[in-house]
Amino acid sequence: MWGKRIWDFWAPRYHRLWAQRYSLRPSRELVLERLAEVGAGARTLLDAGCGVGQLLADIAAQRPDLRLFGFDPAAAMIAAATAGNRYRSIDFRVGTLEDEQRGPFDVVTMTNAFPYVDDFARSAARLFELVAPGGRLFIVQANTENLYDAAFLVFVKLTTSRARYHAASELRALFGGAGFEFGIARPIVKQFWMPSIQLCEFVRPARST
């Protein structure tokens, strides 16, 4: 389970974090961009590790036809998400990947949350179960692609819980092992001093006929 105490601490401060401008908002914009490209047929979407619900609110504003679901293990995050929710299409609840019983979903997003899970292979397998056949998984996170990324992300870890920021190639191998097919890897538009942050898309193969 993710380090809930630190995220409970950040919940009432989350909207004011400096990272909103440089990584969190651009990450959400990248998901919205890709969803517009490939998600026309989607009807359900889960945001795993949804935090205070910013991504789901952005999606609800653009896609009122979608049924949206979010969970986070930090109760304070879900309390903030629920308090600020203006959309009846969003269902928030406290939980983890392991106890999520809704779904499967046409699209699953996990934005800046996967580095904090306890068991990466098990979590990838659980995400495979939550994505409907033919559906898509969007993983957005900081990536350790070079020495600068590694050095920068050491400081990020000081403000969060224990984390591992996989390279995009490592994510491709990890989720491929869980049964996904690789879609695309797309970087966010970032400041020159920011570490690598990418959206990696994975597709669950459709059932054979």
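Please read all numbers here as calculations on a predicted model, not as lab measurements. We count residues from 1, following the sequence as given.
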Check: Gly51 main-chain N/O paired with Asp72 side-chain donor or acceptor under 3.5 Å: yes

Search all heavy atoms of Gly53 against all heavy atoms of Ala81 and return the closest pair with its distance. N-CB, 3.9 Å

Rounded to the nearest 0.5 angstrom, the CD1-CG distance for Ile188 and Leu30 is 7.5 Å

Minimal heavy-atom distance between Ala150 and Thr144, with the atoms involved, is CB-CG2, 3.8 Å

Contact check, side chains of Phe152 and Tyr165, non-hydrogen atoms, under 4.5 Å: no

Quick check: do Leu46 and Phe71 have side-chain heavy atoms less than 4.5 Å from each other? yes

Kindly indicate whether the side chain of Leu199, heavy atoms from C-beta on, has any atom under 4.5 Å from the side chain of Ile184. yes

Within a strict 4.5 Å, meaning less than it, do heavy atoms of the Glu201 and Glu37 side chains meet? no

Indicate yes or no: at least one non-hydrogen side-chain atom of Leu97 is less than 4.5 angstrom from one of Met110. yes

Shortest non-hydrogen contact between Pro205 and Gly179, atoms and distance: CD-O, 3.4 Å

Might you point out which heavy atoms bring Leu174 and His166 nearest each other, and give the distance in Å? CD2-NE2, 4.5 Å

Would you give the length of the straight line joining atom CG of Leu55 to atom OG1 of Thr111, rounded to the nearest 0.5 angstrom? 5.0 Å

With respect to Ile59, which candidate in Leu45, Val107, Ile90, Asp47 satisfies the side chain to side chain contact (heavy atoms under 4.5 Å, CB included) definition? Leu45

Heavy-atom side-chain proximity of Asp91 to Arg102 below 4.5 angstrom: yes

Is there a donor-acceptor pair closer than 3.5 Å between any side-chain N or O of Asp106 and the backbone N or O of Thr44? yes

If you measure from OG1 on Thr82 to CZ on Arg93, what distance do you get to the nearest 0.5 Å? 11.0 Å

At what distance, to the nearest 0.5 angstrom, does OG of Ser89 lie from CG of Leu68? 4.5 Å

Rounded at 0.5 Å granularity, tell me how far OG in Ser27 sits from CG in Leu32. 11.0 Å

Is Leu153 reachable from Phe192 through a run of hydrophobic residues whose side-chain heavy atoms are each under 4.5 Å from the next? yes

With respect to Gln198, which candidate in Arg186, Glu145, Gln141 satisfies the side chain to side chain donor-acceptor pair (under 3.5 Å) definition? Glu145

Could you check whether any side-chain heavy atom of Asp65 comes within less than 4.5 Å of a side-chain heavy atom of Arg43, counting everything from C-beta outward? yes

Please round to the nearest 0.5 Å and tell me the distance separating atom OH of Tyr148 and atom OG of Ser196. 10.0 Å

Determine, step by step, whether Val31 and Asp58 satisfy the side chain to side chain contact (heavy atoms under 4.5 Å, CB included) criterion, reporting the C-alpha distance in whole Å, the side-chain angles of both residues, the deciding distance to 0.1 Å, and the verdict. CA-CA 10 Å; Val31 171; Asp58 289 347; over 6 Å; no

Assigning hydrophobic clusters by single linkage (Ile, Leu, Val, Met, Phe, Trp, Tyr; side-chain heavy-atom cutoff under 4.5 Å), is Val203 placed with Leu171? no

Is Arg126 atom CZ crowded by more than 12 heavy atoms from other residues, nucleotides or ligands, each under 6.0 Å away? yes

Identified ring pair (Phe, Tyr, Trp, His ring centres under 6.0 Å) counterpart of Phe114 within the set Phe202, Phe120, Phe138: Phe120

Heavy-atom side-chain contact between Leu56 and Tyr87 under 4.5 Å: no

What are the two closest heavy atoms between Ser23 and Ile197, and how far apart are they? CB-CD1, 3.6 Å

For residues Ala75 and Val94, report the shortest heavy-atom separation together with the two atoms involved. CA-CG2, 3.9 Å

Measure up the Phe128 and Phe180 rings against each other and bin them: parallel (under 30°), tilted (30 to 60°), perpendicular (over 60°). perpendicular

